[in-house]
Amino acid sequence: MDNIPWFAWIAIVGIIAGVTSSIVAAVLRSREKQTEFAGAADLRGLVEQSTASNQAVLDRLALLELRLASIERTLTDIP
């Protein structure tokens, strides 16, 4: 320790800080990916639920279309 000049300590501290910051960045990226993946599963569930709801609305609209066509035929048949 006594043999190391003062300006060499700048490089040593820089290397240690760089390694530490890269480790912290890697850990944070890993956690972000895990959170993102969990969010994707939630989003997938919401999309499936929305798709089912939209299909039910489309089915109901198809039934209304049939009823409207029947009423139109009845009205055109009346003299």
> Would you give the length of the straight line joining atom CG of Leu46 to atom OG1 of Thr51, rounded to the nearest 0.5 angstrom?
10.5 Å

> Are the side chain of Ser70 and the backbone of Leu66 linked by a donor-acceptor contact shorter than 3.5 Å?
no

> What's the spacing between Arg29 CZ and Ser22 OG if we round to 0.5 Å?
8.5 Å

> May I ask you to test the Glu72-Leu68 pair for a side-chain heavy-atom distance under 4.5 Å?
yes

> First locate atom CG of Leu61, then atom CG of Asn54, and finally report the distance between them rounded to the nearest 0.5 Å.
10.5 Å

> Of all the heavy-atom pairs spanning Ser21 and Gly18, show the shortest one and how long it is.
OG-O, 3.0 Å

> Measure the CZ-CG distance between Arg60 and Leu63 for me, rounded to the nearest 0.5 Å.
6.5 Å

> Should Ile16 and Val24 be regarded as members of a common hydrophobic cluster, given that ILVMFWY residues are connected when their side-chain heavy atoms come within less than 4.5 Å of each other, either directly or indirectly?
no

